[in-house]
Amino acid sequence: MNNENNKNRSLNITSIGDEVTVKELNCNGAIKRRLQDLGLIEGTNIKCVLKSPSGDPSAYLIRGSVIALRNEISSNIIIL
Amino acid sequence: MGLTKSSTGLNANDKSNKLNISSDLLDNSNQVIVALAGNPNVGKSSIFNELTGLNQHTGNWAGKTVTNACGSFTYKNKTFILVDIPGTYSLYSHSKEEEVARNFICFSSSNISIVVCDASALERNLNLVLQVIEVCPKTLVCINLIDEAEKKGISVNADLLENLLGVPVVLTSAVKKIGLESLKSKLYDLAFTSKYKAKPIRYSRLTEIAISIVEEPLLEKIGTKYNTKWIALKLMENDTDLITSISDYISYDLSSDKDLTKAVFTADNLILKATNKTSSDLIISQLIKKAEAIKKVIVKTTDKNYNNRQYKIDKFLTGKFTGTLSMLVLLGFVFWLTIKGANYPSQLLSTLLFGFEDKLYQLLSYLNLPEFLLNLLVFGVYRVVAWIVSVMLPPMAIFFPLFTLLEDLGYLPRIAFNLDRCFKKCCACGKQSLTMAMGFGCNSAGVVGCRIIDSPRERLIAIITNSLVPCNGRFPTLIAIITMFFAGCFVEPLQSIFSALLLTAVILFGILMTFLASKFLSKTILKGIPSTFTLELPPYRKPQILKLIIRSIFDRTIFVLARALVVAAPSGAIIFLLANFELNGIPLLTIVSNFLDPLAKLIGLDGVILVAFILGFPANEIVLPIILMAYLSTGTLRQYGSLNELKTILIDNGWTWLTALCTMIFCLLHWPCSTTCLTIKKETKSLKWTLVSFLLPTLMGITICFVITSISRLFGLV
């Protein structure tokens with residue numbers, strides 16, 4: 001059995017240069033809507049491009065724009 | 001609207017949160033109202049400026065425009081009234097500014113929209129385009145910044161997009177003035193001919209069935225007057241704020257209608273059973289995929305690596321060590337340029353203006369004015385104004401353009417990115433660094449800028465702490481004191497470097513105070529947890545440097561001169577009167593300052609300084625001139641010479657290094673100026689929070705000055 005299937009990987013563990021795909025958004029309400037407005041839905045490609053001096057927030061390339069997200073949001077974006 | 005003369009000061013109090021268009025305008029069939037919408041930071045304001053000839057200030061960060069601005073232009077004898085609304089990513093509003101945008105697009109009497117897009121970021125922009133077309137079929141898509149896209153090897157097929165959507169599409173570059181005639185022409189056709197017919201946005205068969213389930217009872221209840229398909233969609237998306245607004249608009253309470261609620265429930269279940277998603281998720285993802293598909297056909301990219309250089313720069317500016325370092329160096333450098341650059345004009349102006357004082361006296365004496373009035377005008381009013389113009393104006397006129405340059409480059413969001421962790425620790429919003437940065441220019445504008453912060457609690461924190469960083473008007477005071485008291489022992493070039501370093505230190509102190517105050521507020525009267533926030537880091541843009549500098553210097557100079565006349569001149573007169581009217585043989589000024597002296601001495605100041613700060617309530621830049629005027633009026637020195645001579649005046653009146661230090665700290669930490677207070681009242685609509693904003697910096701200033709004074713006296717340091 002592959003261990004990875006049981007554990008959900010989230011966006012905040014990515015390092016600069018990693019390209020991943022969104023599996024699902026593990027949040028609700030206004031936060032989810034905000035992410036969707038920025039183009040984050042199932043199957044979206046994301047690339048981590050910057051990390052701030054403290055590591056939080058990090059910036060990601062989403063559909064052509066660079067968006068900074070705090071860890072508490074990116075830890076709820078489940079990736080494949 | 002940023003930091004133009006029309007957006008700072010009193011004018012930062014935007015007069016129209018709603019749009020007030022007089023009714024005779026609306027009735028005229030030769031006029032149309034056009035909403036200028038789009039994502040943040042796509043150049044809406046530039047397009048607005050180009051079309052209307054007005055001067056909204058633009059800047060490279062999302063959130064620059066937070067108020068509605070109106071302008072108009074004429075084409076083929078028809079008048080187009082443009083409303084520049086704040087940028088928004090979608091019609092689902094999250095912050096107050098996005099709500100302003102959304103409400104205007106959906107509910108105003110304008111039924112024509114222009115959606116401005118960034119050619120390099122079309123995919124996400126198209127999401128808003130589709131949403132706007134759904135609610136407002138008469139939409140024109142303006143794909144801006146094509147010059148930048150071209151540099152990156154991106155090309156857009158506008159004709160194909162026009163075919164796909166059924167709406168007019170133009171390619172523009174506001175900066176290079178490309179495509180604007182085409183824009184006007186197609187807008188005319190859109191508004192006054194039936195040349196264009198928007199293709200309806202179609203969803204999947206399942207979704208369309210679900211929509212019709214909701215639309216059926218809706219049509220029964222409100223008829224065909226309104227766009228029922230759109231309302232049905234919004235009911236399914238369950239955006240409660242919007243539903244309330246819609247209910248108000250159509251005068252029918254949608255959320256309490258049982259049939260509607262039941263229909264929505266049925267529709268939701270249908271979708272859930274078939275796809276395991278909520279209606280909202282399904283609808284949004286279809287729009288996004290549609291935008292993605294459209295973008296794939298109309299955009300061709302020849303160079304995949306165009307952003308690499310930007311990333312390299314950004315990696316440096318946000319790196320672990322280099323990020324913080326570059327911020328400090330940049331800050332110091334800007335201050336050094338300000339100080340150094342202001343020296344020469346300052347000397348020139350003061351020699352000129354103060355040299356003219358005697359001549360002015362002679363000239364005015366020909367008018368046979370009573371001597372008292374003559375003295376009042378020359379030694380009261382004129383002297384203060386001369387002061388403002390020669391000592392206060394040059395640094396302000398230089399700092400502003402420098403700051404604006406940084407803004408236009410796009411550097412400010414990087415600061416927000418770097419500092420977000422600190423703000424998060426204080427339970428505040430990272431966007432506060434942006435509003436704090438605006439406060440450097442003008443605290444009033446900074447307060448208005450707080451509209452970009454979604455959460456009301458965090459917005460309040462940002463508003464209350466905004467005046468803890470010095471505004472443009474306080475910089476010259478700080479610079480003058482630093483130069484006189486702390487850097488005077490050096491000679492050039494060391495002197496200006498040292499001054500810049502000290503000023504940087506003072507500003508850092510102010511920023512530290514902002515963090516502490518924010519933390520304090522969020523632990524006591526504004527308790528709460530930090531909200532989520534997303535920040536866009538736009539690509540760096542090369543600003544039109546010369547145009548920007550010239551306009552900024554011009555703007556600033558006029559603004560300061562006007563303020564000098566309106567505020568400083570009367571203050572000069574007041575000081576003169578206070579110094580020359582006597583009660584029982586003692587000048588009024590002395591009485592007042594003696595009264596305040598004991599309190600002032602406790603905090604390291606003296607009565608005169610305190611009076612000056614109080615009188616400086618309308619405008620911070622007059623504080624230092626008032627202090628000097630007050631000393632001079634009861635002294636013998638008549639002429640102004642170099643800063644060194646000024647230092648003599650101060651020392652003669654009891655100033656020590658402690659006085660200088662405490663004056664600087666109090667300058668940094670005291671009540672906001674009258675304009676800012678008015679703005680705070682307008683933004684918060686609450687006397688309570690205005691009072692808090694007034695008291696917090698004051699109490700902080702008094703406390704810290706008191707502690708420093710006490711310790712210094714205790715240890716015999718002074």
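The figures here come from the full heavy-atom set of this structure, side chains too, leaving out hydrogens, waters and symmetry mates. Residue numbers begin at 1 in each chain, while the letters A, B, ... track the order of the sequences.
Contacts of Leu25(A) with chain B are absent, with no heavy-atom separation under 4.5 Å from either backbone or side chain. Only the backbone of Ser58(A) comes within contact range of chain B, judged by heavy atoms closer than 4.5 Å. In this structure, the portions of Asp420(B) lying under 4.5 Å from any heavy atom of chain A include both its backbone and its side chain. Proximity to chain A is absent for every atom of Lys295(B), based on heavy atoms less than 4.5 angstrom apart. If you measure heavy-atom distances from Leu537(B) to chain A, the contacts under 4.5 Å come from both the backbone and the side chain.
Contact count versus chain B (heavy atoms, under 4.5 Å) is highest, among Arg63(A), Lys51(A), Glu42(A), for Arg63(A). With chain A as partner, the option from Ser285(B), Gly323(B), Ala121(B) having the largest number of non-hydrogen pairs under 4.5 angstrom is Ser285(B). When each of Gly39(A), Gly43(A), Pro57(A) is checked for heavy-atom pairs under 4.5 Å with chain B, Pro57(A) comes out on top. Ranking Gln131(B), Glu237(B), Lys424(B) against chain A, the residue ahead of the rest is Lys424(B), based on heavy-atom pairs under 4.5 Å. Ranked by heavy-atom pairs shorter than 4.5 Å toward chain A, the options Cys422(B), Ser280(B), Gly319(B), Ala291(B) are led by Gly319(B).
We find the CD1-CG distance between Ile284(B) and Leu40(A) to be 12.0 Å, quoted to the nearest 0.5 Å. Thr534(B) contributes atom OG1, which lies 7.5 Å from atom CG of Leu35(A) (distance to the nearest 0.5 angstrom). The distance from the CG atom of Leu535(B) to the OG atom of Ser52(A) is 11.0 Å, given to the nearest 0.5 Å.
Using a 4.0 Å cut-off between a side-chain N of Lys or Arg and a carboxylate O of Asp or Glu, Arg33(A) and Asp239(B) do not qualify as a salt bridge.
Glu536(B) and Ile67(A) get closest at one heavy-atom pair: CG-CD1, 4.0 Å. Lys320(B) approaches Pro53(A) most closely through the heavy-atom pair CG-O, 3.4 Å.
In this structure the side chain of Lys289(B) reaches within 4.5 angstrom of the side chain of Ile41(A), judged on heavy atoms. Annotation: side chain of Asp281(B) is in contact with side chain of Lys32(A) (closest heavy-atom distance under 4.5 Å).
Under a cut-off of 6.0 angstrom, the local environment of CD in Glu24(A) is crowded, with over 12 non-hydrogen atoms contributed by other residues, nucleotides or ligands.
The contact list for residues 68-76 of chain A toward chain B, using heavy atoms and a distance under 4.5 Å, reads Ala68(A), Leu69(A), Arg70(A), Glu72(A), Ile73(A) by residue number.
The side chain to side chain contact (heavy atoms under 4.5 Å, CB included) test with Tyr311(B) is passed by exactly one of Val66(A), Leu50(A), Ile16(A): Val66(A).
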